[in-house]
Each structure stands twice: as structure tokens, then as C-alpha cells.
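Counting starts at 1 for both ligands and their atoms, in listed order.
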Amino acid sequence: MNIYDNINNSEKKQFAVLIDPDKNTAENVVSTALSASEAGVDYLFIGGSLLTENHLTRYIGLIKENCNIPVVIFPGSISQVSPGADAILLLSLISGRNADLLIGKHVIAAPILRKSGLEILPVGYMLVESGSLTTALYISNTLPIPHDKDDIAACTAMAGEMLGLKLIYMDSGSGARKPVSPAMISKVKSSIKIPLIVGGGIRDPEQAQQACRAGANVVVIGNAIEKDPSLIQEMAEAIAKA
Ligand code: 1GP
């Protein structure tokens, strides 16, 4: 399956569950894969800004053994390339001005990615200020887009699209106090033609639905589901109805 085409051509809103390999046991990963499958989750994203354990490849294998949902690596570093997945988000951190995360790491990763056989999804990744210093911000050593500066977000996304990136991902950061505002999502969506992924700090089905209605094509939820796995079903229903 070509994942980009699947995102780009989907007429319905899509739901990605994020699995942080450091925060899950093997048992959790299996049960998340099973309940995601039952709930009709579209993608399982896996990765983290900072991984201290070496579970990534094993957990991808476990997911593959237990469900047919496409697995997309959401890498925090170039060590998170694992050929067992279906695709990888090649993130260029366009909200920041850290040259290494705009292009430097990509140069080093390119030959590894080419050999991996993974589908490469080129993403304009935008961190949005969320009320606290998230791991992604600290590790990336960048300034986020201010929460209420919708114009900056729209111009950044437009520039990413003009540079040829195929997706925009607006992220408040994992466990963010507040998700990206519907106003910002809608401003960005109306400024671009490429699909929009939104995540970070979405805790309840209403917020997921608001993000979709504002223009997100794919909503990503990690923390809330780690804390309460029964939310998968509710979130999936809310996103499907959006
Ligand atoms: C973080 O967008 C993802 O990069 C998901 O965030 O864990 O807060 O849902 P949460």
C-alpha cells in the first residue's frame, strides 16, 4: 500500500495512534495493536523524541504480527530507522532554525533510508507553543510557533509546500498542555493543498473532532491513549463522525 496516496486520497478524516516505545511494554504494544485494529485506526505511528531503550524494531515486529494497520516511523533521531515498518516521516523542522534538523540529519540518513526500502514521507514539521517546554522543543533546541500566531503558521506551511514537502504536521508536542488551536489549524489548512497532520495534547474526543473539523486530515494521539486505552474506540468514532 502506498501510504502517501492513502492519506492524500482519503475522503474521510484519518486517525493515527502514536506508540512511544519507551513508554510501553511489549504487552501494551500488542493490546494497543489489537484494539486499534478493532477500532479501525488508520495508522500506527511509532517513535519518540528521546528513546533510552532499544525496543523499536521488536515492537514494530509485534505490531506486524498482531494487526494489518500500516506502521509509520515518527523518528526523533536517525537511529530510529527500522526496515520492518511501512513508511517513515522524513521530518524537516520548518518551524525552527536549526540547520541540522532542516537538512543536516537528512543528508546523513539519506543512504540508510534509500537502502531501507521504507516509503519516505517528506514532512514540513511545525512545533507549536503549547504552554510548557516539551521534550521535542528541548531536544530540537528551537523556538516553537507562538500559539496565537496563525499567520506565522500559515506562511511557514506555505513555504514548506512550495519547497516540495508533501505533508505538513503541526505538533504541540507529546503531552502538551494545550493542543494546536482550531483557528490555527483552519488558517493553515486554507493556505495549503497538501494534507495536514495535527497532534500533541489531544486528550478527549471533542478536541479530536475539533481538530478534524478545523481541517486536519490526520489526527495523532499518543499520551491520552497510553493513559486510558479504552479511549481508542471513542476517539475513532469522534474522528469518523467529524
Ligand atoms: C506528539 O503529536 C504527537 O508528537 C502526539 O502527542 O502524545 O500528546 O497525544 P500526544
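- Residue G175 has at least one heavy-atom neighbour below 4.0 Å for each of these atoms of ligand 1: 7 (O), 8 (O), 10 (P).
- Under a 3.5 Å cut-off, the side chain of S95 and the backbone N or O of L127 do form a donor-acceptor pair.
- In terms of protein heavy-atom proximity, atom 4 (O) of ligand 1 is nearest to D171 OD2, 2.5 Å.
- Relative orientation of the Y125 and Y169 rings is perpendicular, given thresholds of 30° and 60° on the angle between their planes.
- In this structure, F74 is part of the shell of residues with a heavy atom less than 4.0 angstrom from ligand 1.
- S82 and T57 form a side-chain donor-acceptor contact under 3.5 Å, judged by distance and modelled atom types alone.
- E53 places no side-chain N or O within donor-acceptor distance of the main-chain N or O of P21, the cut-off being under 3.5 Å.
- When only interatomic distances are considered, the shortest N/O to N/O separation between G200 and ligand 1 falls below 3.5 Å.
- Taken from OG in S190 to CG in D150, the straight-line distance is 10.0 Å, to the nearest 0.5 Å.
- In terms of protein heavy atoms, atom 9 (O) of ligand 1 is closest to G222 N, 2.8 Å.
- Interface atoms of ligand 1 facing G199, defined by a heavy-atom separation under 4.0 Å, are 2 (O).
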(message) Could you walk me through whether D228 and R203 satisfy the salt bridge (charged side-chain N to carboxylate O under 4.0 Å, His left out) test, starting with their C-alpha distance in whole Å, then the side-chain angles of each, then the deciding distance to 0.1 Å, before giving a yes or no?
(response) CA-CA 10 Å; D228 177 6; R203 290 190 174 73; over 6 Å; no
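- For the pair G201 and ligand 1, a heavy-atom separation below 4.0 Å is found.
- Residue L18 approaches ligand 1 through these ligand atoms, each under 4.0 Å from one of its heavy atoms: 1 (C), 3 (C), 5 (C).
- Closest to atom 2 (O) of ligand 1 among all protein heavy atoms lies Y169 OH, 2.9 Å.
- Between F74 and Y43, a ring centre-to-centre spacing not shorter than 6.0 Å is recorded.
- Per-residue contacts place I221 under 4.0 angstrom from the following atoms of ligand 1 (heavy atoms of the residue considered): 9 (O).
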